[in-house]
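Order of the sequence lines fixes the chain letters, A, B, ..., with proteins taken first and strands second; residue numbering starts at 1 for each chain. None of these values were measured; they are calculated from a predicted model. All values below come from the heavy atoms of this structure, side chains included, with hydrogens, waters and symmetry mates left out.
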Amino acid sequence: MELPKIYDPKLTEDKWYKYWMDQGFFHSEPDNREPFTIVIPPPNVTGVLHMGHMLNNTIQDILVRKARMEGKNACWVPGTDHASIATEAKVVQMLREKGIKKSDLSRDEFLKYAWEWKEKYGGIILEQLKKLGASCDWERTSFTMDPKLSEAVIEVFIDLHKKGLIYRGLRMINWDPSAKTSLSNEEVLHEEVKSNLYFVKYMIKGTDEYLAVATVRPETIMGDVAVCVNPNDERYKHLIGKTVIVPMVNREVPVIADEYVDIEFGTGALKITPAHDVNDYEIGKKYNLPVIDCFNEDGTISEAAQIFVGLDRFKARKLASEKLEEDGLLIKKEEYTNKVGRSERTNAVIEPRLSLQWFVDMKKFFAKNPQVLDDVMSDDIQFYPSKLKNTYKHWIDNLRDWCISRQLWWGQRIPAWYDETGNLVAVAKTEAEAIEQSKKTNPKAAVPNLKQDEDVLDTWFSSWLWPISVFNGFEDPDNKDINYYYPTNDLVTAPEIMFFWVMRMIMAGYEWRGEKPFKNVYYTGIVRDKLRRKMSKSLGNSPDPLELIEKYGADGVRLGMLLCSPAGNDILFDEKLCEQGRNFSNKLWNALRLVKGWEVKEGTNDENRLSIEWIESKMNDTINQLNASFESFRLSEALMTVYKFIWDDFCSWYLELIKPDYLSPIDKTTYDKTIAIFEKITQLLHPFMPFVTEEIWHLLGDRKQGETINLTRYPESGEIDEEMIREAQLTFEIIINIREIRAKANKKNTETVDLFHFANKMSRKDIDSRKEFGLDERRTWGFDEKIVKLGRIGTFDEINEELKGAKSFIAGGYKFFVVTGEVADADAEKKKLIEELEYTRGFLASVDKKLANEKFVSSAPATVIDGEKKKREDALKKIEILQQSLNLTTNN
RNA sequence: GGGAGCUUAGCUCAGCUGGUUCAGAGCAUCUGCCUUACAAGCAGAGGGUCACUGGUUCGAACCCAGUAGUUCCCA
């Protein structure tokens, strides 16, 4: 069989993904096996794959594939999120490009466009996930606005309203005066700007005294309803309860006291404008102050302000400053740096604005479901990394009610019904039901003319139901799927949505299933570039994942992502890592080429026995380490374990040990064992690199149609011969020493050197001495042929005296001489010996000191003391050899 | 302003209960090799006052306190 020298992912990846899909390997139905479930964090339906998705989904795929190979019934549910704000924005923009304004369309017309857009572009991202190799059950693909899922959202809203966990109230929101809509916090970008701090006189009623107030927003003075000072502020104590005159509009307002006010900031007196500042609003509420909204929704000054009516807010600021100066009320202007929020989309400066919104009463909800916090704190739901538990707790301790209404059209419309004057009449699925309800509460009233709430629900209000709703757990709470797959096993997501999503899914899980939604939560880091900058479109520092796949293969990119992603840490992505991944595929491929190129001869070559026993032990050891890493979700570590086993142990040592001479055949026993090990290697690596391992697995054996590495059982660990591993390590140490001497002597690979073992009382042939070193006497000569082979040794013999002019080294308590033909510098050799002797003596002294310390001996555990004793013995032996060598050198 | 985390090799990180030969990887670097699987490769090497200061302990990268720097969350 002719295999190309370089592995080409393009020839295999699409081929195998199609095969997997055709054979339906990823589809799951409930059966008798243990379930393993992951629900995807649904990406935005109109989104495209970015590096964050790559990382997140690679991790999920690894977990799912491993579970599947462990014989579990693995089910990974894919899907997308309707993402109301982002999607609506995209549709609005698309319409604008066509010359259509949203305001010219009816709600139904707009939604028609939105659905068309969704059908056309939605789900591109899912196709991209296939390129990555994601083994999702595509037959279960869901969308948060699928009829069943939307229905669940509406029912949940009605249910919560019935339970008294939802209410409608006034609240300060982020208002975009340009787009005339509210924005979520995530859509507001904060930036530092230089502005002025105005110091303004508020005259105290009936006196010539004034109270100085500092503000950056003089255009909101018309909305002032009080001035607040700190009750502990000696300067102002006498003014508390007095009345002051608001400049420009001459309104009389009280001076109140609250500890919220920072004595140090400005003048220590704060003007209270409840309509235009979140904190002022809170204070206003606390002291029952009125709210005067002096802005219109487009950011111009309203009638309520009395002056500057109709002018833009920034124009008004300038005019207010001038007017204050005219009136002699402006004390001074100072330069001041503060943060201003801007709309991500329109760049307009955000105005805090009061409006009627729907809320979930979080305090009540948590009182009803204390497990939402408790189960995370007690690790019943385990966070990886666990340090994020602190953040979770801190958030819950400072909960605010969840605002769930959005002034948008794309999403689930709030099922609340109002009469003509805007009073809430009922919360119900349909108008008919609402009328029914209103009749019940007020039978005598005429049938009202009802209007449904114009707003839709927050997208998170549908995604918090995701682990239940994808299995239709609301319409049919006792169905086969939900009973089998729920609670799910692992959730893989980003820490920044811990509150938006993770916490709320836990809430929903307890409220409607009485059970947690998942057992483990794995938080990935934020993908950043080499310079630690967040990857973003505007910086242009985010590579296109599909281009990377094109360049390095999906396996290469998957490896590249994972190589730099310890759980919870940020990912400093570097394209070079993908290259490393690609190179690794190629390494594996070439190992296949080597093995498949051998001619096989019946029989057994006993020289290879120890090498085979060693690699088997080493592999079992690797499997144990790998499983331990998986159990604690240390996936980077797990990958590194397999990576090193394959590259270093299997390729660099094992294959070199057993490789027959050029054109010589290999014995069948060794060949069969090697193929078996290679097969296990592909299985171990498969969750990480699904494509190249499937390809190689098929080439390693005679596979039938319908067979796949996906459905093979993940290798289990067997017996580990620790002594064999030590023996091999000693062999490698000897070989490395020889190679180093060869390298320094500039020996060509084709030239041999001679090796002599110094036969003192610790001879390698001496069985007792081998026992002393903890080595098995049966293997005395086991690896010697291999030392000759890999060290390119001509003669390998024993010698009873120091070999003058030869280079020497000590390995595992044995001394060796290497004759390179070039005369070694005797003084340098001697110096080396002396240095090593000095060092070992110093080391011995420190160990002795420890052992002589009575407190150490009495308080340290026995294993530690035994360790120290062993160190002492080893050091003594080493000193003896060194001393002996040195004596001989000196005598010569 | 409040809270949480981090600081170990040039870079990115391990170091799990304080104790196994003066601290471990990967990448990068340096040297030599196109040695019949792989130059996307092979062989070898160098590189660290564990941020700083003090404390606890027989023993500290690890525990405690303080200082500095840094990141994130909330306001």
Side-chain angles (χ1 to χ4, degrees), chain A residues 3 5-7 185 262 264-265 278-279 339 385 387-395 397-398 400 495-496 498-499 525-526 528 530 532 552 556 563-566 568-574 576-577 579-598 628-629 632 634 636-637 639-641 643-644 647 651-652 655-656 659 661-663 735-751 790 792 839-840 842-844 846-847 849-861 863-868 870-875 878:
Chain A
L3 296 172
K5 202 166 161 181
I6 284 174
Y7 171 69
N185 288 334
D262 182 355
E264 303 294 320
F265 183 80
V278 183
N279 299 308
K339 275 191 182 168
K387 65 183 176 190
L388 288 171
K389 275 160 69 180
N390 287 338
T391 319
Y392 185 80
K393 182 168 191 304
H394 183 251
W395 180 274
D397 289 344
N398 297 286
R400 298 177 139 226
E496 60 258 43
M498 185 194 283
F499 313 110
I526 298 166
R528 295 172 181 276
K530 271 192 286 187
R532 257 189 207 284
Y552 302 105
L563 279 170
C564 58
S565 32
N569 283 346
D570 284 357
I571 316 306
L572 270 64
F573 182 78
D574 184 349
K576 258 201 133 136
L577 292 163
E579 201 180 310
Q580 195 185 339
R582 178 200 63 180
N583 294 355
F584 186 52
S585 300
N586 198 47
K587 183 73 183 174
L588 208 62
W589 179 253
N590 274 288
L592 175 78
R593 282 183 67 220
L594 174 68
V595 171
K596 296 302 278 186
W598 286 332
S629 297
S632 47
R634 295 158 181 256
S636 285
E637 191 181 278
L639 170 63
M640 197 39 74
T641 304
Y643 181 90
K644 283 196 282 188
W647 202 302
C651 293
S652 292
L655 290 179
E656 293 299 330
K659 189 157 102 179
D661 291 337
Y662 183 52
L663 292 180
I735 294 169
I736 287 168
N737 270 297
I738 297 166
R739 282 171 174 170
E740 191 186 342
I741 289 170
R742 291 182 60 101
K744 287 199 175 133
N746 282 320
K747 278 277 158 191
K748 288 231 167 92
N749 292 315
T750 44
E751 293 175 283
L790 299 190
R792 294 173 201 269
Y839 171 77
T840 313
F843 176 69
L844 178 67
S846 79
V847 175
K849 200 176 146 197
K850 235 190 242 184
L851 285 169
N853 183 335
E854 207 178 304
K855 279 192 177 164
F856 171 74
V857 179
S858 59
S859 48
T863 48
V864 175
I865 294 174
D866 287 349
E868 291 298 321
K870 172 110 176 50
K871 279 189 216 171
R872 185 170 181 276
E873 279 170 38
D874 290 352
K878 197 167 177 191

Counting any heavy atom closer than 4.0 Å, what does Trp598(A) reach on the DNA or RNA strands: base, sugar-phosphate only, or nothing?
nothing
Does G41(B) have OP1 or OP2 sitting under 4.0 Å from an N or O in the side chain of Arg593(A)?
no
In the strands shown, is C13(B) matched to any nucleotide by a Watson-Crick or G-U wobble pair with both distances under 3.5 Å, and which?
G24(B)
If G69(B) has a Watson-Crick or G-U wobble mate with both distances under 3.5 Å, name it; if not, just say none.
C6(B)
With a 3.5 Å cut-off and heavy atoms only, can you find an N or O donor on one side and an acceptor on the other between the side chain of Glu656(A) and the base of A43(B)?
no
May I ask which nucleotide in the shown strands pairs with G54(B), Watson-Crick or G-U wobble, both distances under 3.5 Å?
C64(B)
Donor/acceptor link under 3.5 angstrom from Arg739(A) side chain onto base of A43(B)
no
Rounding to a whole Å, what distance do you find between Ile741(A):CD1 and A45(B):P?
11 Å
Measure the acute angle between the ring planes of Trp647(A) and Phe584(A), then classify it against the limits of 30° and 60° as parallel, tilted or perpendicular.
parallel
C42(B) OP1/OP2 closer than 4.0 Å to side-chain N/O of Asn749(A)
no
dist Arg742(A):CZ -> Lys744(A):NZ (nearest 0.5 Å) comes out at 14.5 Å
Separation of A43(B) P from Arg792(A) CZ (nearest whole Å):
11 Å
Kindly indicate whether the side chain of Asn586(A), heavy atoms from C-beta on, has any atom under 4.5 Å from the side chain of Asn590(A).
yes
Pairing partner (Watson-Crick or G-U wobble, both distances under 3.5 angstrom) of G59(B)
none
Less than 4.0 Å between a side-chain N and a carboxylate O, is that true for Glu656(A) and Lys659(A)?
yes
A43(B) pairs with which nucleotide, Watson-Crick or G-U wobble, both distances below 3.5 Å?
U31(B)
Spacing of CD1 belonging to Ile6(A) relative to CZ belonging to Arg593(A), to within rounding of 0.5 Å
9.0 Å
Using atom names, set out every protein N or O paired with an N or O of nucleotides 59-61 of chain B below 3.5 Å, distance rounded to 0.1 Å.
none

Rounded to the nearest 0.5 angstrom, the CG-CG distance for Leu577(A) and Leu563(A) is 6.0 Å
Using a cut-off of less than 4.0 Å, is there contact between a side-chain N or O of Lys659(A) and OP1 or OP2 of U36(B)?
no
If you compare every side-chain N and O of Asn583(A) against the phosphate oxygens of G41(B) (OP1, OP2), does one of them come in below 4.0 Å?
yes
Under 4.0 Å: is that the gap between some side-chain N or O of Lys587(A) and OP1 or OP2 of C42(B)?
yes
Counting only side-chain N and O atoms of Thr391(A), is one of them less than 4.0 Å from OP1 or OP2 of C72(B)?
no
Using a 4.0 Å heavy-atom cut-off across all strands, classify Lys744(A) as base, sugar-phosphate, or nothing.
nothing
